[in-house]
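Step one of this worksheet: look at the structure below.
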Amino acid sequence: MVSEFGSGEYAKLARLCQPMAMRFMPTLTEQILARAAGKSQVAPGEIVVIEPDVILSHDNSAAIADIFAQLPHKRVKYPERLAITLDHAAPPPRPKHARNHAKIREFARVQGIKQFYEVGRGICHQVLCEEGIVGPGMTLLGADSHSPHYGWLGAFGAGIGRSEVAALWATGQLWLRVPETLRINLAGSLRRGVTSKDLALALIGELGADGAAYMAVEFAGESLANMTADSRAALTNMMAEMGAKSACMPPDDTTWRWLGDALARARPQDGQQRLELFAANALYPAADAQVAREHTIDLSEVEPLVACPHATDNVLPLSEVAGRRVDVGFIGTCTNGRLEDLAAAAAIVSGRKLRRRLLVIPASSLALRDAAEAGYLTTLLEAGAVIGTPGCGPCMGISMGVLAPGEVCISSANRNFRGRMGEPSAEIYLANPAVVAASCVAGELTHPADL
């Protein structure tokens, strides 16, 4: 289904609907935070009290509820702003996880939380985008470190702790320091076989795991227009691995087309009105916005990369590590479990048989359904892959494919810390989904072109 409005019309409407007082503020992040704080402008380093549009939590909602129960507040102040998913231990692997889920369901029922998503719907970051919960110009604070994800929509997303979320449930407000901005200019075009995952690893490898510590990363440059929606989400998501407080990019025709399609599917009754609200709320950075730091990267120089154990900034060209042993591959997570990723993996394994185990877990039920309808799941299954329930899977190391001692995993996930997938002695390499699939076909780290 496609929105009855053209994407160009929404981009034009969004610009016209911007409040005049906000139109000439410095950066996109500062504009969004100023709006959330009810101020005309904010400055880097300033402490502001904001009311976020969305408050996110997932399986950790049970622990947050315990903190909330110690507060004098008996009711959530803005239940309509809460969004809760069951995704990290889904389906629950142990009785304690099942008890947590039951507790969360009861909390959502008692508090009147309508934006509650059950086991199988998918990972919080993918689901909230698909459901139209977050859109351009909005602010989200969430009890998950990869909350910068939402910046690909032109929103502000930041991870916070459980106690902070409990305070938000009680009061609807939270203070934070306005981050300084790191502008990353994208020049040129990615070569065939190179993805935004490789771009993210290139940036993390060059700038370091703390290269954007408590900064707002804002992407700019004409090259953004050539990036797909799925690839943009992977890019902002991975900025959490560079220490960023948030990451964002201005909405454009690609953003509006994706939102139009998503809202038509998820909200047939009010999708059009929601899209118009997003258009009215959208904000854009001023051309002469002042930033703390600026970095330019030529996309044509990026090659397939691998983050080696046990750090995300331990990045090497795939060509330098090719041939290393692989025991298992994992394609999924909030970084690379979308339809585009599943399509890339299916294209690699088509007509081939896997030499190593390959676990594929779509980021959401919609990604699962679309991949099934496109035939990607059949292709993956015929090659010998295993398909899992939409959710985080083994990324947290608690279920659905954790590693054994000494095993080597090639993963499309976002983190490769020691013990991340459940076993401290295992090794995790990070790469784009096509490289993961190719490596499982070859039985060793392999460039897809070398198959």
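Heavy atoms only: backbone and side chains are in, while hydrogens, waters and symmetry mates are out.
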Handout entry: Polar contact flag, side-chain donor to acceptor under 3.5 angstrom, D144-S147
Key = no
Handout entry: Backbone of P52 reached by a side-chain donor or acceptor of T139 within 3.5 Å
Key = no
Handout entry: Heavy-atom check, side chain of D313 versus side chain of E206, under 4.5 Å
Key = no
Completion exercise
To the nearest 0.5 Å, atom OG1 of T335 lies from atom CG of N414 at 3.5 Å
Exercise for the section: Taking the side chain as every heavy atom from C-beta outward, state whether Q290 and T181 have any pair of such atoms under 4.5 Å apart. Expected result: no
Problem - Any donor-acceptor N/O pair, K245 side chain to A240 backbone, under 3.5 Å - result: no
Exercise for the section: Decide yes or no for F156 and L140: does some side-chain heavy atom of the first lie under 4.5 Å from some side-chain heavy atom of the second? Expected result: no
Problem - Donor-acceptor under 3.5 Å (R420 side chain, H310 main chain) - result: no
Exercise for the section: Side-chain contact test, heavy atoms from C-beta onward, threshold under 4.5 Å: evaluate it for E164 versus L141 and give yes or no. Expected result: no
Exercise for the section: Kindly write out the residues that satisfy ring-ring contact (aromatic ring centres under 6.0 Å, His included) with H97, not counting sequence neighbours, or none if the list is empty. Expected result: none
Exercise for the section: Compare all side-chain heavy atoms of V306 with those of L316 and state whether any distance is below 4.5 angstrom. Expected result: no
Fill in the blank from the handout: Distance col, row L199:CG vs E301:CD, nearest 0.5 angstrom, shows 12.5 Å
Problem - Steps toward side-chain contact (heavy atoms from CB on, under 4.5 Å) verdict (I361, M400) - result: CA-CA 9 Å; I361 300 183; M400 295 182 67; 3.8 Å; yes
Exercise for the section: Find out whether L445 and I410 are in side-chain contact, i.e. whether some heavy atom of one side chain is under 4.5 Å from a heavy atom of the other. Expected result: yes
Problem - Spacing of M239 atom CE and L207 atom CG [to the nearest 0.5 Å] - result: 8.5 Å
Practice task
May I ask you to test the H447-V435 pair for a side-chain heavy-atom distance under 4.5 Å?
Solution key: no
Handout entry: Gap separating the CG atom of L342 from the OH atom of Y376, nearest 0.5 angstrom
Key = 9.0 Å
Handout entry: CD/E80: more than 12 non-hydrogen atoms of other groups inside 6.0 Å
Key = yes
Exercise for the section: Check whether any side-chain N or O of D341 sits under 3.5 Å from a backbone N or O of P433 as a donor-acceptor pair, and report yes or no. Expected result: no
Handout entry: Sub-4.5 Å side-chain heavy-atom contact between L263 and F278
Key = yes
Practice task
Measure from the side-chain N and O atoms of Y214 to the backbone N and O of R177, and report whether any donor-acceptor pair falls under 3.5 Å.
Solution key: yes
Problem - H146 and E241: side chain donor to acceptor below 3.5 Å - result: yes
Handout entry: More than 12 heavy atoms of other groups within 6.0 Å of R418 CZ
Key = no
Exercise for the section: Look at R183 together with E218 and state whether they make a salt bridge at an N to O cut-off of under 4.0 Å. Expected result: no
Practice task
Measure from the side-chain N and O atoms of N314 to the backbone N and O of P309, and report whether any donor-acceptor pair falls under 3.5 Å.
Solution key: yes
Handout entry: For the student: nearest non-hydrogen atoms of D198 and G193, plus distance
Key = OD2-O, 4.2 Å
Practice task
Check whether more than 12 heavy atoms from other residues, nucleotides or ligands sit under 6.0 Å from atom CD of Q115, and answer yes or no.
Solution key: yes
Exercise for the section: Using atom types as modelled and distance alone, determine if a side-chain donor or acceptor of R338 lies under 3.5 Å from a backbone N or O of C334. Expected result: yes
Handout entry: Residues E118, R121: salt bridge by 4.0 Å N-O rule
Key = no
Practice task
Report yes or no: does N185 contribute a side-chain atom to a donor-acceptor pair with the main-chain N or O of G221 at less than 3.5 Å?
Solution key: no
Practice task
For the pair E106 and K103, evaluate salt bridge (Lys or Arg N to Asp or Glu O under 4.0 Å) and give the outcome as yes or no after the intermediate values.
Solution key: CA-CA 5 Å; E106 179 63 11; K103 183 175 182 177; over 6 Å; no
Problem - Point-to-point distance, once rounded to the nearest 0.5 Å, from SG of C248 to CZ of F219 - result: 9.0 Å
Practice task
Quick one: do K39 and E30 satisfy salt bridge (Lys or Arg N to Asp or Glu O under 4.0 Å)? Show the steps, please.
Solution key: CA-CA 10 Å; K39 304 183 69 172; E30 289 158 11; over 6 Å; no
Handout entry: cation_pi(R415, F417) dist<6.0 Å, angle<=45
Key = no
Exercise for the section: Supply the atom-to-atom distance Q70 CD to S163 OG, rounded to the nearest 0.5 angstrom. Expected result: 10.5 Å
Problem - Verdict with supporting geometry, D252 and R232, side-chain contact (heavy atoms from CB on, under 4.5 Å) - result: CA-CA 12 Å; D252 61 7; R232 296 177 186 199; 2.8 Å; yes
Problem - E373 atom CD, over 12 foreign heavy atoms within 6.0 Å - result: yes
Practice task
Starting from the C-alpha separation in whole Å, work towards a yes-or-no answer on side-chain contact (heavy atoms from CB on, under 4.5 Å) for V436 and Y429.
Solution key: CA-CA 9 Å; V436 174; Y429 291 84; over 6 Å; no
Handout entry: Polar contact flag, side-chain donor to acceptor under 3.5 angstrom, N237-H125
Key = no
Handout entry: R267 side chain vs R274 backbone, donor-acceptor pair below 3.5 Å
Key = no
Problem - Atom of S61, atom of H58 and distance for their closest heavy-atom approach - result: OG-O, 2.6 Å
Handout entry: Nearest heavy-atom neighbours spanning P79 and Q111
Key = CB-O, 3.5 Å
Practice task
Mind listing the closest non-hydrogen atom pair of S57 and W169 along with its distance?
Solution key: OG-CZ2, 3.8 Å
Handout entry: Donor-acceptor pair between T228 and D230 side chains, under 3.5 angstrom
Key = no
Practice task
Work out which heavy atom in A155 is nearest to a heavy atom in I32; give both atom names and the distance.
Solution key: C-CD1, 3.9 Å
Exercise for the section: May I ask you to check whether N336 and S412 show a side-chain donor-acceptor distance below 3.5 Å? Expected result: no
Problem - Polar side-chain atom of H73 near backbone of R75 as donor-acceptor pair, under 3.5 Å - result: no
Practice task
Consider only side-chain N and O atoms of N226 and S223, and report whether a donor and an acceptor are under 3.5 Å apart.
Solution key: no
Handout entry: Check ion pair E51-R35 (N to O, under 4.0 angstrom)
Key = no
Problem - Taking every non-hydrogen atom, the tightest pair across A89 and I398 - result: CB-CD1, 3.7 Å
Exercise for the section: Determine, stepwise, if the pair V49 / L174 fulfils side-chain contact (heavy atoms from CB on, under 4.5 Å). Expected result: CA-CA 5 Å; V49 176; L174 193 70; over 6 Å; no
